[in-house]
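Below, read A as the first sequence line, B as the second, and so on, with proteins coming before strands; counting in each chain starts at 1. Because only heavy atoms are used, hydrogens play no part in the values below, and waters and symmetry mates are left out as well, while side chains stay in.
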Amino acid sequence: MRLSPLEPWSRALPVAPLDDGALLKFEDLSLRPRFGCKGPDAEVWLATGGYRVPREPNSAVVDADGVLVARLATAEFLIEAADGGVARVESTVRQLTSPARPLNVYPVARQDLVMGIEGAATNALLRQTCSFDFAPLLDRCDRDGGPVILTSMIGVGVVAFVRRAAGGSVMTLWVDPSFAYYFWKTLLEVGGDLGPWSNT
Amino acid sequence: MSRRLPHVQGERIDRGNTVEFTFEGRRLQGYRGDTISSALVASGARVLGRSFKYHRPRGLLSAAGHDVNALMQVRREDGSVPNVRADVVQVAADWDINAVNTRGGLARDRLAIFNRLAPFLPVGFYYKAFHSKRWFPRWERMFRNLTGLGEVDLRAPHRSTPKRYEFCDVLVIGAGPSGLAAALAAAEQGASVLLVDENSSAGGSGLYARGGATQFAQQTEALIATAQGNPRIRLLTSTYAACYYADHWVALVSPECLVKVRARGVIVAQGAYEQPAVFRGNDLPGVMLASAAQRMLYHYAVVTARRVAVLTSNSEGYAAALDALAHGVELAAVLDLRLEAGVDSTAAAQELVRRGVPIHYGVKPIEAVAGADGGVASLVFESTAGVAPGKHTLDLDSVWMSVGFAPANALLHQADARMSYERSTEQFVPQTLPPGIYACGKVNGVYSFADRLEDGRNAGACAAGQIGFGIAVERRAAIAARECPTHPYPVFPHPRGKEFVDFDEDLQVKDLRNACQEGFDSSELLKRFSTVGMGPSQGKHSNMNALRILANVRGEPIERLGPTTARPMFHPVPLAHLAGRGFTPERRTALDSDHEARGAVWMPAGNWRRPEYYAIAGKSREQAIADEVRAVRARVGMIDVGTLGKIEVHGPHAAQFLERLYTARFANLKVGMTRYGLLLDEAGVVVDDGVIGRLGEQAFYFTTTTGNSATLFREFGRLATSWDLPVGLVNLTGHYAALNLAGPASRAVLREHTELDLADVAFPYLGVREAQVAGAPCRIMRVGFVGELGYEIHVPFQHAADVWRALLASGSRFQIQPFGVEAQRMLRLEKGHVIVGQDTDGITNALEIGMPWAIKMDKPFFIGQRSLRVLAKQPRRQTLVGFTLPSSDEASVQARRRPKECHLVLDGGQIAGRVTSVGWSPTLARCIGLGLVTPQVALRKHLRVRIDRGEEIDVEVVQAPFYDPSGERQRVGDPL
């Protein structure tokens, strides 16, 4: 059974129920189907498989099915069923991990802690935890794509992507799962100083 | 006795709100908005503190928080706070305030006796008097008792201090006239501007250096209002820039926290520190910088004197004299160090003469004389021109000094600006600034109000234009001063001394001269020997005068000497800010909570935490570890090795890449097999090891040691690029868990959860397979990690707990035992396995650790190969040997009569090596170990080891491995 990287500590981590008055909302999105791939033929292989591939490194697009394709480097990609497209992503994972996978495309394990953050205090939280200025992205992000930021937050390397959602901007962070406990706990601690928060 | 004036235009106090507080046991009153200093001075206080060394009474000096005279211990609701800067901290109701560094209170400080002992305490006396090793602890205790500033209240409640990042296009440091003009100009071109000022309000000297008029203050207030109304400008007051780092990182210290600002351009408009004249008695309470008196007048409506003399050499001093007259202060005289007034001072001088103020020229101050209260009561001076040349004594209660400025250029130094000494202003000014850095206003050598505005506007426009806002503007040269604002040598030695250069450290002119005579005659040496500029004010009022004295002693122009570098942070920072919330990342394996539930005792391993062992009720640590070892040897054990680095390399050049990295050969490694690899640096030193498995013709999977994984992954990427080998590297360290199932029963345990054929023929020793275990996709390596039949199972992080728990469940019939790092070390030691970083050090080369089978010198290339070729021709420096304690028993081990790691191996009393690994082997029932020793000693039958308390014992040299030397158990196993 696939478990979230937070699951082992679920009883040790603070919980706050959903609250409309929360300035921050944290969400564990780790169980979304996801895969990574890399290699000289990865771009062509993804496109052939029906994925919308961003043209520039450090950018991401979300296609009509709700599948996010992030280009992390010239030939490295992160694909996730963000708003939908679960079956397609799972099918591709099976193909990629089978012996019949294409020669110049290789899988990259993505067991990340995936954390969603939204709310009025998002930028204040980021100002205390990351040296990258997300304010312009939070103000002017799109629904279906934008820059992907590879940076360090509270001492941990993260992949960050900001999207426009119904309630405002939503930040998604992909984090090495071995940092999951530290990362989640620390961000909730800092968030607690900024006002009421909730998590799921 | 109140020294509060009627309402003054621009005052910062709220007269409707009084604040009562206690100072040195006296109940006093101020207004909301008063600083501690202004409230005290308004109440008639002249003595605010005691000096650090001689405990001389000290009063207001800068009124800007730039000096050490007014540091307070403040007891308030949330505890006692030391070293509160009274000049800049606003007083609050019911604060109990005391001066720091006194014994018996400010008025009756018993340590004032040191003032009389001054002749016996010359500069550097402690270097010469207190160096005896035997007596040093006593001296240290004495100095710790006698010196220091405020006292830390250990009962104060803990406060969490956050740190914050800020971003802007242009950071303007200093919100005086030039800074305001710069900020407005940059914002007008479209840049976002962060404008910071250390004072509680913007405006700088534009608001207090008025010269008895209102014109400059009104212009400054208009600039402030415009800046505050500009949506592109954010103004932070009571915030100072403490240091500059590369790429326009600036640390701001606000009252609440440390703010780290990343700007695209930085404008330094911090102005200049007014400098004291150096003459006997210049530290007496009442002798102060003219700007301090002006700040008190215009910010707090407080008059610091009834009768004052203005000692000056610039137009600012004349302006201060006019300010004194404007507020009813009796002006005893203006004492100009120059032979005549400068071009910008002439009009003011004429006005003063018209109003009956005597002006003396060519003044040489001789001595300020203290009165009964310890403050200045008179000033003795000589003059050569003016109203009455000759020697005079003026009765007064204050001397305002305005003899020059030192630019506040510490940040520019930190930014690597090149400075030159400008004779027209007698100050260092920026000659070359790094890209994106600008200086304007007084720090740029521009002093008149109008010129500062013009300089600021140009700097702001340039900074914005340079980063693409508006049009690119050319930076104009600094506008030349018409009158020099700074005296070239305001130093007047007195035969009886007490002319203070450094108020923090009580340094006199003779101290600096003596230091020079003793050979400490460069600015850096003088600083270190005399401690000039090393106190809390970091030389803001002393460095330039000290440099002038040094230049004078050496008979050289000051520009040849150069100033010292002001290191971060150049202004005091509350320790709470620096010790604020820090982030220390900790990694946890996928099985961490399972270990916790089993009673793991944790130990750090790099930035991971790992079980050292599993505690068992009723058993000691040693017993628990021994049980874990026995379980692996006799039955089956399992250890979490998820902290190992895990890396994949793909592509047609993958094998070639690994051949170049490691000492072993990989081109001929069959798919489905693994091989041990040693990684060296260019000097042949062992830096890492691991197991490399071939998953396909073009795909390898390998491990690194726990602590090295991130560093090596980066290095591998660099090497692939520099070797022009297009391989694909994937770091799986965090995304894969790993566990090692070891022991005779391991095959039986694993078999229950996989369809993989585990028979020796199908899955031989050193094989690697990809298969499902407990329903999870795994990579399984059959390696002799601890010298038994064993399987290292690598599994995606999110499936790891399932696999671990399944194996524990099926292993229960064999009494499977999870084991920790300590048991693993012993198991590996029994096998003589080298632990890189423990049995090797930073200079141990591959030839010294007894593993020739792992080094393929006939390969075309591997890192370190060339060095090994050279080293092979030279005598060995050290070699790794095994040893055991003859007839050792557990009791003697428990009694600690055994070597420990890093104990020295001796040869004729000389160091011949060290113990690298050692422990009690439950399997062999004796103490075993490894040591790095000289080759000569390694040939002997016994080693002499110095253990605890200097005792020496003999250990017997034996051949490693200590256990199963043929390796049969790991190769064939013992199927149960």
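Shown here for A/P107 and B/E648, the closest heavy-atom pair between the two residues is O-OE1, 3.9 Å. When all heavy atoms of B/P585 and A/G155 are compared, the closest pair comes out as CG-O, 3.5 Å. The shortest heavy-atom contact between B/W249 and A/S131 is CH2-CB, 3.6 Å. When all heavy atoms of A/L3 and B/Q798 are compared, the pair lying nearest together is O-CG, 2.9 Å. Closest non-hydrogen pair, B/L732 versus A/A109, comes out as CD2-CB, 3.5 Å. Taking each heavy atom of B/F167 and A/C130 in turn, the nearest pair found is CZ-O, 4.3 Å.
Comparing B/N607, B/L591, B/D592 by how many heavy-atom pairs each has under 4.5 Å with chain A, the most go to B/D592. Per-residue heavy-atom pair counts under 4.5 Å with chain A were compared for B/C257, B/P162, B/A699, B/A801, and the maximum is reached by B/P162. In terms of heavy-atom pairs under 4.5 angstrom with chain B, the leader among A/A75, A/S4, A/P8 is A/P8. Chain A forms more heavy-atom pairs under 4.5 Å with one residue of B/Q698, B/E586, B/R164 than with any other, namely B/E586. Counting heavy-atom pairs closer than 4.5 Å to chain A, the top residue among B/L729, B/N731, B/T733, B/T643 is B/L729. Chosen from A/V156, A/L126, A/V190, the residue pairing most often with chain B at heavy-atom distances under 4.5 Å is A/V190.
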Item to complete: Apply side chain to side chain contact (heavy atoms under 4.5 Å, CB included) to the pair B/H650 and A/K38, showing each step before the final yes or no.
Response: CA-CA 10 Å; B/H650 294 266; A/K38 198 171 178 179; over 6 Å; no

Item to complete: Give the C-alpha distance, both sets of side-chain angles, the deciding distance and a yes or no for side chain to side chain contact (heavy atoms under 4.5 Å, CB included) between A/Y182 and B/F583.
Response: CA-CA 10 Å; A/Y182 159 78; B/F583 299 115; 3.2 Å; yes

Discussion item. Under the criterion side chain to side chain contact (heavy atoms under 4.5 Å, CB included), I'd like the reasoning laid out for A/D133 against B/R262: C-alpha separation, chi angles, the key distance, then a yes or no.
Written reply: CA-CA 9 Å; A/D133 185 10; B/R262 165 84 80 185; over 6 Å; no

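Side-chain contact between B/H735 and A/V108 is absent, with no heavy-atom pair separated by less than 4.5 Å. Residues A/E76 and B/V730 form no side-chain contact, since every pair of their non-hydrogen atoms from C-beta on lies 4.5 Å or further apart.
Here CH2 of B/W608 is found 4.0 Å from OG of A/S178. Values are rounded to the nearest 0.5 Å. Interatomic distance, A/R127 CZ to B/K260 NZ, rounded to the nearest 0.5 Å: 13.5 Å.
Remark: B/R598 CZ is loosely packed, at most 12 non-hydrogen atoms of other residues, nucleotides or ligands lying under 6.0 Å away. More than 12 heavy atoms of other residues, nucleotides or ligands shown are found within 6.0 angstrom of CG on A/D139.
With a 4.5 angstrom heavy-atom cutoff, A/F179 touches chain B via backbone and side-chain atoms both. Using a 4.5 Å cut-off between heavy atoms, A/F183 does not touch chain B at all. With a 4.5 angstrom heavy-atom cutoff, A/D112 touches chain B via backbone and side-chain atoms both.
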